[in-house]
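Each remark here refers to the structure printed beneath this line.
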Amino acid sequence: MTFLSQVYGWLLISTVGLFWLLPWRSGRWGLLLVASLIFYGLRQPLYVPLLLVGVALNYSLGWMLRTDRRSIRHYVGGPNPEARQRQRKRLLWVGIGLNLLLLFGFKYVPFALNSLGWAFQNPPLLDAANWVDRIEAPLGISFFCFECIAYLVDVYRGAPPARNWLKFCTYKLFFPKLISGPIVRYHGLASQLEELDQPRNPRAEQITEGLWLIACGAIKKGLIADSLGLWVRTIFSPGTLERAGSGDLWLAIGAYGFQLYLDFSGYVDIARGSAMLLGIQLPQNFDFPYLSTSIADFWRRWHITLGDWLRNYLYIPLGGSRQGLVRTCINLMIVMLLGGLWHGDNWGYVLWGGAHGLALAVHRLVDAASHRFSPLAALWAHPAGVALAWGLTQLMVFLSWVLIRLPDWSQSSLVFQHLWGRSSDGAFLEKVYDEALGLDPWRLGAALGAIALLMVVAWFGQRGLRLQLTQPVKIALVPICLYLVWILGPEGVPFIYFDF
């Protein structure tokens, strides 16, 4: 089941209707849990017991990590805070290790076996990797494990543990965020679940905004991103990629950058809209990232919840920026290498993370130099410097997306080699543009320019002029948007981040 399916529409409508009819919060938690299990079970029913076991395990570990006096007496045998703290640290590492073992077992065993088999030229390892690779990983396993790790670390740092298994299970399996996020910390969502204890009707503006987010997400994903995906898939497919010219590759890189952003932000919009219909606010995950003027600013705007997770649970524990400039750059590189590995079990993802880590380190060095040399600081403050910073940032971001779209280095390196001075042959132009796409390169370039212009207009309208559509206009546009996606959008295109 996907967000853009009729089955999901009926599930959401029935859940919302029953949700607001139930007068007590435990009933609402139970309804959300049942809806979540149905949502996941229709895609991967065999993994539902695994998720429930994972929830129960992390709930129990969180309870054992609590810091009240009773826990000290119960687990240590006396009022010995130092011994209790040592035991809590061991429990924390056990919990983190179990979650990472679950993640590694499903996502990275084939990658590890392939890497070892290639390094040692060991055919049995390569055969084992091919066999294990046929096992389908649970959808959303990366998001699931990251949320669990964040919960255990927060409790270890002093946050109160979950005291109600039903509420914790509802938080962990809440269907709008279950498969591709956003990554939500327990204590933020738990407070909202607690507020569902009184029978009340949903506010009109809440329902309107939820439906509007769903409609916007459907347009982003089902109409624009999936249409761009047809072009990207055509150019980057084997047999076509080798014959593409430099201009074709640049267009494909731009198209994929927009496709990835619109696909994922469209998912998050639908997730946030679905949750809003149920009285729950999920965090924003994107903030016009393609308008950022530095790579650090980009990561404050792109996949915001993942950036927060990497900062709070990796970067800061490694020392953050507290141990000098060199150590800061090393920490940034480590964090982004692991962030790249989180995206997939291929060296291309690691290279992507390394590229972003290197870019963040260079940005930190340039920023330090700007504090020492006033002319350099003045350059970045000048409009020409701002434009230069924006151009360099987006060039790096879009080129690095090649490693995400083509994680196999033999293919991605071919793209980088052919970015300048290569022409496509006439047969390629006819086959790709005329037969497969039905438009010429100039029209495709104009379409990408129009998408970029719409982003700028949307940003200026929201942030500069602070314009907002009225509720009646949004309500009128919702069915129009959904109808356009239904009749014009390509069918059966999965969300890109399902693979991550």
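Worth knowing before you read on, the calculation uses all heavy atoms, side chains too, and leaves out hydrogens, waters and symmetry mates. Note that the coordinates shown come from a computational prediction; the quantities given were computed from them, not determined experimentally.
- Screening L337, L332, I330 against I334 for a side chain to side chain contact (heavy atoms under 4.5 Å, CB included) leaves a single residue, I330.
- Looking at residues two or more places apart in sequence or on another chain, you find no salt bridge (charged side-chain N to carboxylate O under 4.0 Å, His left out) involving R327.
- Within 6.0 Å of CH2 on W250 lie more than 12 heavy atoms contributed by other residues, nucleotides or ligands.
- Side-chain contact between M276 and E205: absent, with no pair of heavy atoms (C-beta onward) separated by less than 4.5 Å.
- Residues N346 and W409 form no side-chain contact, since every pair of their non-hydrogen atoms from C-beta on lies 4.5 Å or further apart.
- A donor-acceptor contact shorter than 3.5 Å is absent between the side chain of N58 and the backbone of G95.
- Of all non-hydrogen atoms in C169 and L33, the two that sit nearest each other are SG-CD1, 3.6 Å.
- For the atom pair Y483 OH and I480 CD1, the distance stands at 11.0 Å (nearest 0.5 Å).
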- Verify side-chain contact (heavy atoms from CB on, under 4.5 Å) between F39 and I179, making sure each step is shown before the conclusion. CA-CA 10 Å; F39 174 77; I179 295 179; 3.6 Å; yes
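- Counting heavy atoms from C-beta outward, Y108 and L103 have side chains that approach closer than 4.5 Å.
- Side-chain contact between Q394 and S292 is present, with heavy atoms from C-beta onward closer than 4.5 Å.
- One finds the OG atom of S180 at 8.0 Å from the NE2 atom of H303 (value rounded to the nearest 0.5 Å).
- For W302 (side chain) and Y261 (main-chain N/O), no donor-acceptor pair under 3.5 Å exists by modelled atom type.
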Between R163 and W63, does the side-chain contact (heavy atoms from CB on, under 4.5 Å) criterion hold? Intermediate values first, please.
CA-CA 8 Å; R163 297 181 179 274; W63 185 250; 3.0 Å; yes
- Message: Show, in sequence, the C-alpha distance, side-chain angles and deciding distance for Y290 and F398, and conclude whether the ring-ring contact (aromatic ring centres under 6.0 Å, His included) test is met.
- Response: CA-CA 9 Å; Y290 289 156; F398 274 77; 4.7 Å; yes
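- Residues F19 and L277 fail the side-chain proximity criterion, which asks for heavy atoms closer than 4.5 Å.
- Relative to the six-membered ring of Y267, K221 misses at least one condition, a distance below 6.0 Å or an angle of at most 45° to the axis.
- Residues passing the salt bridge (charged side-chain N to carboxylate O under 4.0 Å, His left out) test with K177 are E147, sequence neighbours excluded.
- Take R233 and apply the salt bridge (charged side-chain N to carboxylate O under 4.0 Å, His left out) test, not counting sequence neighbours, and it matches no residue.
- A donor-acceptor pair under 3.5 Å is formed between the side chain of R28 and the backbone N or O of L22.
- D367 places no side-chain N or O within 3.5 Å of a backbone atom of H363 that could act as its donor or acceptor partner.
- Between F144 and Y40, the distance separating the two ring centers is not shorter than 6.0 angstrom.
- Put simply, the residue from Y59, F174, Y151 that forms a ring-ring contact (aromatic ring centres under 6.0 Å, His included) with Y186 is Y151.
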Requested in this report: Please step through salt bridge (Lys or Arg N to Asp or Glu O under 4.0 Å) for the pair R311 and D308, ending with a clear verdict.
Outcome: CA-CA 5 Å; R311 179 172 58 253; D308 288 342; 2.3 Å; yes
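- If you check the side chains of N164 and Y171, you find no donor sitting under 3.5 Å from an acceptor.
- The backbone N or O of L139 sits less than 3.5 Å from a side-chain atom of Q44, completing a donor-acceptor pair.
- Remark: the backbone N or O of W29 is paired with a side-chain donor or acceptor of T170 at under 3.5 angstrom.
- Side-chain contact between D226 and D263 is present, with at least one heavy-atom pair separated by less than 4.5 Å.
- When the side chain to side chain contact (heavy atoms under 4.5 Å, CB included) test is applied to L392, the partners found at least two apart in sequence or on another chain are L388.
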Exercise. Can you check side-chain contact (heavy atoms from CB on, under 4.5 Å) on L482 and V478, steps first, answer last?
Worked result: CA-CA 6 Å; L482 297 179; V478 165; 4.1 Å; yes
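- Side-chain N or O atoms of S36 include one that pairs as donor or acceptor with a backbone N or O of L173 at under 3.5 Å.
- In this structure, W459 places its CH2 atom where only 12 or fewer heavy-atom neighbours from other residues, nucleotides or ligands lie under 6.0 Å away.
- Here the side chains of V457 and F460 are not in contact, with every heavy-atom distance at 4.5 Å or above.
- Across all non-hydrogen atoms, the minimal contact from M455 to F288 is O-CE2, 3.7 Å.
- For the pair N331 and G320, the tightest heavy-atom approach, listed with the atom from each and the gap, is ND2-O, 3.0 Å.
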Item checked: Working for side-chain contact (heavy atoms from CB on, under 4.5 Å), residues L251 and I235 -> CA-CA 9 Å; L251 284 174; I235 291 296; over 6 Å; no
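- Residues meeting the side chain to side chain contact (heavy atoms under 4.5 Å, CB included) test with A255, sequence neighbours left out: L228, W231, V232, L448.
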Using ring-ring contact (aromatic ring centres under 6.0 Å, His included), reason through Y256 and W401 one step at a time and then give a plain yes or no. CA-CA 8 Å; Y256 181 67; W401 288 143; 7.1 Å; no
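- When all heavy atoms are compared, the tightest approach of T328 to S321 is OG1-CA, 3.1 Å.
- No more than 12 heavy-atom neighbours from other residues, nucleotides or ligands sit within 6.0 angstrom of CH2 on W390.
- Pairing each heavy atom of G348 with each of L403, the nearest pair is O-CB, 3.6 Å.
- Legend: residues meeting salt bridge (charged side-chain N to carboxylate O under 4.0 Å, His left out) with R463, ordered by chain and number and at least two apart, are D287.
- Counting only heavy atoms from C-beta outward, the side chains of L102 and C145 approach each other to under 4.5 Å.
- The two residues K172 and L178 make their nearest non-hydrogen contact at O-CD1, 3.8 Å.
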